[in-house]
Amino acid sequence: MRHTISVLVENKFGVLSRISGLFSGRGYNIESLTVGETIDPQISIMTIVTTGDDQIIEQITKQLNKLIDVIKVTDMTELDHVEREMVLVKVAPKQEDKAEVLRLAEIFRGRVVDSGLTTYTLEITGDEKKIEAFIELIKPYSIKEFARTGKVAISREGVKKK
């Protein structure tokens with residue numbers, strides 16, 4: 001099962017390396033990883049997406065908690081939470097398809113963040129299913145470049161899923 005793990009860490013040199021080393025050293029795959037400062041610049045939050053059964057996730061969580069620069073580990077999968085990804089897609093549609101590309105971006109509540117003579121760069125934000133659906137629909141319009149973030153997640157006001 002896929003899990004989204006939130007790790008609050010001290011914003012220090014080498015922390016990312018130690019955490020990714022923990023995963024690779026034990027043969028666990030990181031499917032997605034995002035890192036950014038929190039409101040406190042001395043603390044960063046890492047959102048890690050990995051796959052494993054409950055026993056593997058429990059072992060990962062325990063190992064992460066043992067690292068000295070780790071402040072808090074939360075398996076977001078167990079909480080009611082919001083998660084988002086972002087994708088930037090540069091497309092070069094034919095002249096007759098430009099309106100359709102813009103319509104697709106609008107349907108997915110995306111926006112054009114750059115426009116050239118022959119290309120549009122579109123930004124779409126949403127959950128994984130929304131991003132995947134958009135990518136599938138935009139493929140016929142000549143994707144030139146593609147960049148996708150990992151997940152970011154935050155818990156809702158409630159604690160546990162029902």
Side-chain angles (χ1 to χ4, degrees), residues 1-52 56-57 60 64 69-70 73-77 79 81-156:
M1 181 176 165
R2 183 181 274 180
H3 286 259
T4 303
I5 301 170
S6 176
V7 185
L8 213 55
V9 297
E10 292 180 27
N11 191 3
K12 292 182 178 174
F13 173 80
V15 173
L16 175 60
S17 176
R18 283 189 289 284
I19 289 177
S20 63
L22 181 147
F23 277 78
S24 65
R26 287 159 182 79
Y28 304 135
N29 186 39
I30 295 175
E31 294 181 16
S32 168
L33 172 66
T34 57
V35 183
E37 284 184 353
T38 62
I39 293 173
D40 180 349
Q42 295 179 343
I43 298 175
S44 289
I45 188 162
M46 302 176 77
T47 305
I48 303 168
V49 178
T50 191
T51 303
I56 288 172
I57 300 304
I60 289 171
L64 286 169
D69 297 319
V70 171
V73 179
T74 306
D75 185 353
M76 300 299 281
T77 312
L79 302 176
H81 68 283
V82 177
E83 56 185 39
R84 293 290 181 266
E85 293 183 40
M86 183 187 69
V87 66
L88 294 172
V89 182
K90 186 185 292 183
V91 292
K94 296 175 186 165
Q95 185 64 35
E96 62 268 18
D97 293 331
K98 286 185 174 186
E100 180 63 16
V101 167
L102 295 175
R103 189 179 73 78
L104 279 173
E106 185 178 327
I107 288 170
F108 281 83
R109 295 189 179 149
R111 62 190 187 119
V112 177
V113 293
D114 189 43
S115 179
L117 293 174
T118 60
T119 63
Y120 292 129
T121 301
L122 309 169
E123 173 190 296
I124 306 293
T125 305
D127 62 25
E128 184 177 6
K129 289 180 182 178
K130 178 180 176 181
I131 299 294
E132 292 293 334
F134 178 75
I135 292 167
E136 282 305 309
L137 289 172
I138 205 73
K139 276 182 181 177
Y141 300 103
S142 190
I143 295 175
K144 296 299 178 191
E145 286 185 63
F146 178 91
R148 185 173 182 172
T149 67
K151 287 185 183 180
V152 291
I154 193 166
S155 63
R156 294 187 188 266

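This chain uses plain numbering: 1 for the first residue, then up along the sequence. This structure is a prediction, so every number in the text was calculated from the model and none was measured. The figures that follow rest on heavy atoms only: side chains count, while hydrogens, waters and symmetry mates do not.
- Summarising the geometry, atom NZ belonging to Lys151 is positioned 11.0 Å from atom CZ belonging to Arg84; distances are rounded to the nearest 0.5 Å.
- For the side-chain contact (heavy atoms from CB on, under 4.5 Å) criterion with Ile5, the lone passing option out of Thr77, Ile60, Val49, Ile30 is Ile60.
- In this structure a side-chain-to-backbone donor-acceptor pair under 3.5 Å is missing from Asp69 to Val9.
- Gln42 CD: 12 or fewer foreign heavy atoms inside a 6.0 Å radius.
- The shortest side-chain heavy-atom distance between Thr51 and Ile56 does not fall under the 4.5 Å cut-off.
- With a 4.5 Å cut-off on side-chain heavy atoms, Val101 and Leu122 count as touching.
- Considering only heavy atoms from C-beta on, Ile45 comes within 4.5 Å of Ser6 through its side chain.
- Atom CD of residue Glu83 and atom CD1 of residue Ile154 lie 12.5 Å apart, to the nearest 0.5 angstrom.
- Asp40 and Thr38 share no donor-acceptor pair across their side chains, judged by distance under 3.5 Å alone.
- Counting heavy atoms from C-beta on, the side chains of Ile143 and Val91 come closer than 4.5 Å.
- Remark: Lys144 NZ to Tyr120 OH distance equals 15.0 Å, nearest 0.5 Å.
- The 12-atom threshold is not exceeded at CD of Glu106, counting heavy atoms of other residues, nucleotides or ligands nearer than 6.0 Å.
- In this structure, Arg148 places its CZ atom where more than 12 heavy-atom neighbours from other residues, nucleotides or ligands lie under 6.0 Å away.
- Distance check: Leu64 CG to Asp75 CG gives 10.5 Å after rounding to the nearest 0.5 Å.
- Residues Leu88 and Lys90 are not in side-chain contact: their nearest non-hydrogen atoms beyond the backbone lie 4.5 Å or more apart.
- To the nearest 0.5 Å, atom NZ of residue Lys129 and atom CD of residue Glu85 are 12.5 Å apart.
- Side-chain atoms of Phe108 and Ile138, non-hydrogen and from C-beta on, never get closer than 4.5 Å to each other.
- In this structure, the side chains of Glu145 and Thr119 stay at 4.5 Å or more apart for every pair of heavy atoms.
- Between Asn11 and Ser44 the shortest heavy-atom distance is CG-OG, 3.3 Å.
- Nearest heavy atom pair, residue Met76 against residue Ala153, reads CE-C, 4.1 Å.
- How far CD1 of Ile48 is from CE of Met46: 4.5 Å, rounded to the nearest 0.5 Å.
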